[in-house]
Amino acid sequence: MERLQKYGWEDSWKNLFSPYEQEQRIPARITREGKNLFHAASAAGDLLVEISGSLSYLVQLGVSEYPVVGDWCVIAPHGTNRGSIEAVLPRKSVLHRPVTREDGRTRKQGKAVAANIDLALILIDIAFDRSLRRAERFLTLLNSDAIPAVLILTKAGIAEHTEELAAAAKERFKQVPVLLTDSLTAQGIGDVQTYCPVGNTVIVLGASGAGKSSLINVLAAADLAKTSEVRGSDGEGRHTTTARQLFALQSGALLLDTPGIRAVGTWGTQETPSTTFSDITTYARRCRFSDCTHTSEPGCEVRKALKEGFIDRDSYENYLILKEETLGKEELIHRKREKEKDIARIKYHMRRTH
Ligand SMILES: Nc1nc2c(ncn2[C@@H]2O[C@H](COP(=O)(O)OP(=O)(O)OP(=O)(O)O)[C@@H](O)[C@H]2O)c(=O)[nH]1
Ligand SMILES: [Mg+2]
């Protein structure tokens, strides 16, 4: 297979690149981000590339964005295996960083972290983390970026009551495939492979120690990504993977390894935690009050459905937490606007009185 095709190059990219098809410009895909330098895969081999002055200028003007892993870029090569990124080709999809409450700032949208992703595998280490809340948060985030997901319950070989947990996950996330796997015994790995067809870019997400790099290695049948043991005491990972990296597997699939995410926040602008909670939102639409908080109001269909067992209690509680966080961010934006208005009023008053 031609080298670019191994990284997912196809006719649609060729068309997007055609305006740049002049001398000395080549296409390449970003495989790893460093501080200022990026690794990129080109037809000629791996390149170390940096952002050109003209791209920086376009970013400042707000007409382009800085590249991220997975982006197809226009490169001006120079020297041996070096080059500069002149442009980023339009993206098929973008995965954004969650806006967490802890960072204290509100952004309209989180920063882009990966581009041109076809599917996300969300890994939950069920030997240590039997709560499905983390999965719910990941799914909510991916949903806002319209990236399809598969939930993978890892370490099935050393976890207990795995079938029950898988059944509970299927029940809770009806629209998402749920797989039980073990990378050490290869249980369920064939099922994962069916979700990683030739030319597709699949990002692997999950907490540190969930087994992201191990899964990539077993899919690749090679030690591509470094792994290390979790802490025995609490199953916490050691943040072994430190940068996002795209691997082209022999099978033709592209797997993107990521560092473990500590906190999974939500979007800053969404009204409710969206369709991951589709059951809850369906009931919520029928509440007597349109701004029902589903906690104490009369005529609340959500609490009625909860009482009658149509909604899972844990999912309901998680929904309230995510809703509150989202509203918390909106409140911050609102307060900032009010403050700006106050400042404008004071300035106006000062101008009038001096
Ligand atoms: N028994 C068992 N152990 C696993 C499985 N997957 C991963 N492990 C072990 O869990 C530990 C952590 O795995 P990693 O693949 O490094 O985890 P990671 O998600 O890449 O972690 P970070 O890079 O820190 O984000 C290693 O000791 C693996 O051998 C599995 O399916 N079964
Ligand atoms: Mg890792």
Side-chain angles (χ1 to χ4, degrees), residues 31-34 39 68-70 95 97-98 100 113-114 117 119-139 141-142 149-166 169 177-196 201-249 251 253-265:
T31 54
R32 190 179 164 104
E33 272 171 67
H39 293 249
V68 292
V69 171
L95 177 68
R97 190 194 298 281
T100 57
V113 292
I117 304 298
L119 179 80
L121 305 180
I122 301 170
L123 268 56
I124 303 289
D125 165 0
I126 53 166
F128 286 106
D129 177 12
R130 300 185 62 83
S131 145
L132 294 170
R133 288 189 176 189
R134 192 191 287 272
E136 200 149 45
R137 288 182 160 237
F138 273 117
L139 287 169
L141 273 166
L142 288 160
V150 172
L151 181 61
I152 301 202
L153 309 179
T154 65
K155 308 196 189 180
I158 56 168
E160 286 175 357
H161 309 298
T162 52
E163 294 297 337
E164 283 96 319
L165 191 68
V178 177
L179 307 179
L180 257 181
T181 68
D182 193 289
S183 298
L184 302 196
T185 64
Q187 175 188 343
I189 299 304
D191 297 334
V192 182
Q193 258 151 356
T194 62
Y195 288 98
C196 308
T201 302
V202 178
I203 192 165
V204 186
L205 300 170
S208 177
K212 300 178 293 297
S213 303
S214 303
L215 179 68
I216 291 176
N217 288 344
V218 67
L219 288 170
D223 276 344
L224 296 182
K226 195 169 163 242
T227 65
S228 66
E229 304 219 325
V230 295
R231 284 204 308 243
S233 52
D234 54 7
E236 270 283 321
R238 296 174 193 275
H239 295 277
T240 311
T241 305
T242 52
R244 288 178 284 275
Q245 184 159 0
L246 187 64
F247 295 104
L249 271 50
S251 68
L254 292 135
L255 270 292
L256 206 167
D257 197 7
T258 63
I261 295 177
R262 261 175 241 264
V264 191

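Whatever order the structure lists ligands and atoms in, that order sets their numbers, starting from 1.
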Donor-acceptor pair, side chain of [X] and main chain of [Y], under 3.5 angstrom:
X	Y	answer
Thr240	Thr227	no
Gln245	Asp257	no
Arg244	Ile203	no
Thr181	Ile189	no
Thr154	Asp182	no
Lys155	Ile124	no

Go through ligand 1 atom by atom and flag the ones less than 4.0 Å from a non-hydrogen atom of [X].
X	value
Gly260	25 (O)
His239	24 (O)
Ile158	1 (N)
Thr240	22 (P), 23 (O), 24 (O)
Ser183	30 (C), 31 (O)

If I apply the N/O under 3.5 Å rule, does [X] come out as touching ligand 1?
X	answer
Pro259	no
Thr181	no
Ser208	yes
Ser213	yes

Out of [options], whose heavy atom is nearest to [atom]?
atom	options	value
atom 17 (O) of ligand 1	Gly211, Ala225, Ser214	Gly211
atom 32 (N) of ligand 1	Asp182, Thr227, Thr241	Asp182
atom 2 (C) of ligand 1	Ile152, Ile189, Leu184	Leu184

I'd like to know whether CD of Glu164 has more than 12 heavy-atom contacts from other residues, nucleotides or ligands below 6.0 angstrom. yes
Can you tell me how far apart [atom1] ([X]) and [atom2] ([Y]) are? Round to the nearest 0.5 Å.
X	Y	atom1	atom2	answer
Leu180	Ile126	CG	CD1	5.0 Å
Leu132	Arg137	CG	CZ	13.5 Å
Asp223	Ile216	CG	CD1	12.0 Å

Please state whether the separation between the Mg ion (ligand 2) and some N/O/S atom of Ser208 is under 2.8 Å? no
Measure from the Mg ion (ligand 2) to each N, O or S atom of Thr227 and report whether any distance is below 2.8 Å.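 No, since none of the N, O or S atoms of Thr227 sits under 2.8 Å from the Mg ion (ligand 2).
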Less than 4.0 Å is my threshold; does some heavy atom of [X] fall inside it relative to ligand 1?
X	result
Ala207	yes
Ser228	yes
Gly157	no

For Ala149 and Leu139, which heavy atoms make the closest approach, and how far apart are they? CB-CD2, 3.7 Å
